[in-house]
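To keep things clear, I will list the structure first and then write my remarks on it.
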There are 2 protein chains.
Amino acid sequence: MVRAGLTAAKVTAAAAEMADEAGLDSVTVSALARRLGVKDASLYSHVKNLRDLRVRIGLLGSEEMTDRIGAAVAGRAGKDALVAFADAYRGYALGHPGRYAATQMRFEPEEVAGSVGFRRSIELTYGMLRAYDLAEPDLTDAGRLLRSTFHGYIHLELGGGFGHSRDVGESWARSLDALHRTLENWPARETGSK
Amino acid sequence: MVRAGLTAAKVTAAAAEMADEAGLDSVTVSALARRLGVKDASLYSHVKNLRDLRVRIGLLGSEEMTDRIGAAVAGRAGKDALVAFADAYRGYALGHPGRYAATQMRFEPEEVAGSVGFRRSIELTYGMLRAYDLAEPDLTDAGRLLRSTFHGYIHLELGGGFGHSRDVGESWARSLDALHRTLENWPARETGSK
DNA sequence: CCTTCTTTCCTAGGGCTTCTAGGAAAGAAG
DNA sequence: CTTCTTTCCTAGAAGCCCTAGGAAAGAAGG
């Protein structure tokens with residue numbers, strides 16, 4: 001019997017490739033076993049179940065993604081940092097759609113407990129926002145707006161939700177421009193203005 | 001043999017309820033058959049397959065949602081219209097998370113061909129943006145930014161992506177305020193400003 | 001009323017999936 | 001060379017999607 005020499009990390013890496021190629025939903029235990037030249041049951045030595053497999057893809061993706069974003073924003077501030085953050089975010093998501101989708105699962109607290117990706121993601125966001133000189137709760141509100149916009153854009157773009165007429169990259173750049181101005185002129189509390 | 005008296009519409013309605021209660025992924029042919037007191041195979045007289053069932057939920061959702069949004073924005077303009085649109089959007093999505101998720105599927109052209117929901121959704125968006133006096137391609141860019149933000153916000157909120165500290169409704173209201181200002185002061189082309 | 005047609009629902013079954021139990025053998029550790 | 005751990009296996013239960021072919025309920029027509 002020639003062994004395949006699998007480990008949890010190798011299994012996860014193969015699953016992540018599959019996810020990017022064919023979509024997260026098509027990552028199944030049996031399809032992955034076929035790809036690895038192994039029987040279904042053998043994978044259960046490395047991974048608890050299907051859910052666990054997908055969670056591992058998500059944790060891997062969040063770490064890779066925050067690595068890239070961290071490198072992109074290093075030494076930048078203000079609009080430079082915003083654009084670098086956003087482009088690294090979008091670039092990773094478009095290049096690794098399956099991994100990205102896995103980062104958006106609804107995780108249980110114990111599933112993300114030992115992972116650094118998600119914590120670092122929050123730190124990076126707040127670090128980038130520092131230049132805009134906001135105080136809580138505006139900081140939280142602005143962070144939520146940014147995350148929502150980034151995620152929503154990518155989700156719609158990956159889902160084919162945008163028509164083909166106008167280049168999405170250009171729309172994206174213009175939206176970042178608009179967001180930068182929004183952050184610079186963040187509305188004061190209790191604005192009565194219309 | 002006592003008949004259940006099913007039709008495609010009744011099957012879809014039951015499926016939509018299931019989706020809202022337990023998530024779109026848990027809408028399966030066999031689970032739906034159990035709920036309706038019928039054998040799996042019987043549902044295939046009303047629905048082509050699982051995909052078709054979920055598409056029907058999405059089309060139903062898009063029509064219900066645009067009905068609500070249309071009623072909300074009627075007679076309003078400017079920021080009033082924006083807030084009415086956004087609140088109706090968020091209200092429907094939070095109240096019907098399964099239906100909403102189904103509206104975000106990747107549809108094939110022939111699947112949405114006979115449906116009015118998606119077309120009306122575009123019309124409503126452009127109608128609401130009319131007050132901001134934008135010309136193409138700014139109109140498209142602004143529309144994409146709005147859709148992304150709305151969808152991203154709801155997706156993160158439904159996915160438990162926001163912490164519990166700050167009230168999401170308040171963040172939402174502040175973000176709408178910020179978006180309104182963004183639309184009012186939409187950046188001119190080729191801004192060199194930082 | 002009685003025949004015919006259409007639609008709804010059924011049984012039976014194939015094929016794919018997840019996952020468990022229990023065992024064999026490869027490779028590491030003593 | 002023996003012992004232990006880990007990897008991988010076979011076997012099988014249970015659930016899912018979907019098709020084929022048939023029965024019966026209800027509608028439509030004579």
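As a basis for the values below, the full set of heavy atoms in this structure was taken, side chains included, without hydrogen atoms, waters or symmetry mates. To find a chain, count down the sequence lines: A is the first, B the second, and so on, and within it residues start at 1. Remember, predicted model here, so these are calculated numbers, not experimental data.
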Ordered by number, residues from residues 34-52 of chain B within less than 4.0 Å of DNA chain C (heavy atoms) are B/V38, B/K39, B/A41, B/S42, B/S45, B/H46
Give me the ring orientation class for A/H151 and A/H155: parallel if the planes are under 30° apart, tilted from 30 to 60°, perpendicular past 60°. tilted
Spacing of A/L32 atom CG relative to C/dC16 atom C1', expressed in whole Å: 16 Å
Please work out the stems of DNA chain D from pairs that are Watson-Crick or G-U wobble with both distances under 3.5 Å, keeping only runs of three or more consecutive pairs. C:3-29 with D:2-28
Considering just the side-chain nitrogens and oxygens of B/T28, establish if one lies under 4.0 Å of OP1 or OP2 belonging to D/dG15. no
Hey, are B/S171 and A/R144 close enough side-chain-wise for a donor-acceptor pair under 3.5 Å? yes
Partners passing ring-ring contact (aromatic ring centres under 6.0 Å, His included) against A/W172 (at least two apart in sequence or in another chain): A/F150, A/Y153
Will you find, in the side chains of A/S148 and B/T149, an N or O donor that is under 3.5 Å from an N or O acceptor? no
Salt bridge check: are A/K79 and A/E184 linked by an N-O gap of less than 4.0 Å? no
Is it the case that one hydrophobic cluster holds both A/I154 and A/L146, taking links as side-chain heavy atoms less than 4.5 Å apart, direct or via other members? yes
Looking only at heavy atoms, which two atoms of A/D52 and A/N49 are closest? And how far apart? N-OD1, 2.9 Å
Should we say atom CZ of A/R130 is surrounded by more than 12 heavy atoms from elsewhere, each under 6.0 Å from it? no
